[in-house]
Student: 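Take this structure first; my questions come after.
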Amino acid sequence: MDVDKYFMMEAIKEAQKAFEEGEVPIGAVVVYNGKVIGRGHNQIERLRDPTAHAEIIAITAAAAYLKNWRLIDTSIYVTVEPCVMCSGAIVLARIKEIVYALEDPKFGGTVSLYQIPQDPRLNHRVEVRKGPYGDIVKRMMQEFFKRLREKIE
């Protein structure tokens with residue numbers, strides 16, 4: 001079993017939930033010792049909360065599971081590159097690694113626009129790497145925004 005494929009598919013399942021709820025289809029899972037300990041998908045519209053990103057929800061769930069805000073030795077698998085807010089939260093949570101499927105050239109805070117997790121000025125750095133299934137995630141995002149545009153027109 002390819003570990004990255006398994007956990008990224010779990011994040012994609014979360015993104016699918018967001019898609020079905022009319023949210024931007026982004027999903028995330030936090031993994032510790034080979035187990036998903038936090039799951040999240042975008043719930044911005046549903047909760048009317050601009051901070052209700054998949055990563056934030058998954059981090060909150062993982063912290064509750066570990067009963068600790070320090071998520072040392074965890075990885076976060078996320079379908080789309082984390083934004084500036086989520087990248088900052090990942091650094092603050094002391095997550096070890098980000099694995100993302102698709103870059104975000106408009107809002108990316110991890111590799112595209114900013115490289116917050118790797119910034120040497122911060123007291124914690126996060127390993128960042130591209131994971132599998134970028135093609136699946138890209139198609140899901142394109143379909144979501146196509147449907148959104150059709151509703152508006």
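Being a predicted model, the structure only gives us computed values, none of them experimental.
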Student: Is there side-chain contact between Glu97 and Ile76, with heavy atoms separated by less than 4.5 Å?
Tutor: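 No, their side chains stay 4.5 Å or more apart.
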
Student: If you define the side chain from C-beta out and look only at heavy atoms, does anything of Glu103 sit under 4.5 Å from Val111?
Tutor: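 Side chain of Glu103 against side chain of Val111, heavy atoms only: contact under 4.5 Å found.
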
Student: Look up atom CE in Met140 and atom CD in Gln16, then write down how far apart they are to the nearest 0.5 Å.
Tutor: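 Answer for the CE-CD pair, Met140 versus Gln16, is 4.5 Å.
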
Student: Taking the side chain as C-beta and beyond, is there a heavy-atom pair between Pro117 and Ile98 under 4.5 Å?
Tutor: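 Sidechains of Ile98 and Pro117: in contact.
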
Student: Which donor-acceptor pairs under 3.5 Å do the side chains of residues 55-72 make with protein atoms, sequence neighbours left out?
Tutor:
from: Thr60; atom 1: OG1; to: Ile56; atom 2: O; distance (Å): 2.9
from: Tyr65; atom 1: OH; to: Lys35; atom 2: NZ; distance (Å): 3.1
from: Asn68; atom 1: OD1; to: Arg70; atom 2: N; distance (Å): 2.9

Student: Would you confirm whether Glu81, through its side chain, and Asp104, through its main-chain N or O, come within 3.5 Å as a donor-acceptor pair?
Tutor: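 Such a contact is found between Glu81 side chain and Asp104 backbone.
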
Student: Could you check if a side-chain atom of Glu143 sits within less than 4.5 angstrom of a side-chain atom of Phe19, using non-hydrogen atoms only?
Tutor: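 SC-SC contact between Glu143 and Phe19 confirmed.
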
Student: Taking NZ in Lys130 as the centre, count heavy atoms belonging to other residues, nucleotides or ligands within less than 6.0 Å. Is the count above 12?
Tutor: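 Buried by this count: over 12 neighbours within 6.0 Å.
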
Student: Check whether any side-chain N or O of Arg94 sits under 3.5 Å from a backbone N or O of Leu92 as a donor-acceptor pair, and report yes or no.
Tutor: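 Yes, the answer is positive, given that a donor and an acceptor are paired below the 3.5 Å cut-off.
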
Student: Indicate whether any N or O donor in one side chain lies under 3.5 Å from an N or O acceptor in the other, for Tyr77 and Asp4.
Tutor: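 Present: a donor and an acceptor within the cut-off.
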
Student: A side-chain contact here means heavy atoms from C-beta on lying under 4.5 Å apart; do Met85 and Thr51 qualify?
Tutor: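 Yes, side chains in contact.
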
Student: Less than 4.0 Å between a side-chain N and a carboxylate O, is that true for Arg147 and Glu150?
Tutor: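 Here Glu150 does not pair with Arg147 in a salt bridge, since their nearest N and O are not under 4.0 Å apart.
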
Student: Leu102 and Tyr114: same hydrophobic cluster, using ILVMFWY side-chain contacts below 4.5 Å?
Tutor: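 Leu102 clusters together with Tyr114.
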
Student: Is a side-chain donor or acceptor of Asn42 paired with a backbone partner of Val24 at a separation under 3.5 angstrom?
Tutor: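 Yes, the answer is positive, given that a donor and an acceptor are paired below the 3.5 Å cut-off.
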
Student: Which other residues end up in the same hydrophobic cluster as Phe107, if Ile, Leu, Val, Met, Phe, Trp and Tyr are linked when side-chain heavy atoms come under 4.5 Å apart?
Tutor: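 Its cluster partners, ordered by chain and number, are none at all.
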
Student: Could you go through the side-chain contact (heavy atoms from CB on, under 4.5 Å) check for Ile44 and Asp49 one step at a time?
Tutor: CA-CA 5 Å; Ile44 296 161; Asp49 179 354; over 6 Å; no

Student: Is there a side-chain contact between Val78 and Val99 (heavy atoms, below 4.5 Å)?
Tutor: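 They are not in side-chain contact.
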
Student: Step by step, work out the side-chain contact (heavy atoms from CB on, under 4.5 Å) result for Gln115 and Thr110.
Tutor: CA-CA 5 Å; Gln115 298 78 41; Thr110 304; over 6 Å; no

Student: Strictly distance-based, threshold 3.5 Å: is any side-chain N or O of Arg125 a donor or acceptor partner for the main-chain N or O of Leu122?
Tutor: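 Yes, because the side chain of Arg125 sits within donor-acceptor range (under 3.5 Å) of the backbone of Leu122.
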
Student: Looking only at non-hydrogen atoms, find the nearest pair between Ala101 and Thr79 and report the distance.
Tutor: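 Scanning both residues completely, I find the closest heavy atoms to be CB-O, 3.3 Å.
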
Student: State which residue, out of Glu21, His53, Lys17, fulfils the side-chain hydrogen bond (donor to acceptor under 3.5 Å, both in side chains) condition with His41.
Tutor: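 Exactly one option meets the side-chain hydrogen bond (donor to acceptor under 3.5 Å, both in side chains) with His41, and it is Glu21.
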
Student: Taking Thr74 for the side chain and Tyr32 for the main chain, is one N or O donor matched with an acceptor at less than 3.5 Å?
Tutor: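 Pair absent, no side-chain N/O of Thr74 close to backbone of Tyr32.
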
Student: Can you tell me how far OH of Tyr100 sits from OG of Ser87, rounded to the nearest 0.5 angstrom?
Tutor: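 Separation between the atoms: 11.0 Å.
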
Student: Indicate yes or no: does Arg46 engage Glu23 in a salt bridge with an N to O separation below 4.0 Å.
Tutor: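 Judged by the 4.0 Å cut-off on N to carboxylate O distance, Arg46 and Glu23 do not form a salt bridge.
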
Student: In the structure I gave you, are the side-chain heavy atoms of Arg149 and Ile152 within less than 4.5 Å of one another anywhere?
Tutor: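 Result no, sub-4.5 Å side-chain heavy-atom pair not found.
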
Student: Determine the minimum heavy-atom distance between Val29 and Glu14, stating which atoms define it.
Tutor: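 In this case the closest contact between Val29 and Glu14 is CG1-CG, 4.4 Å.
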
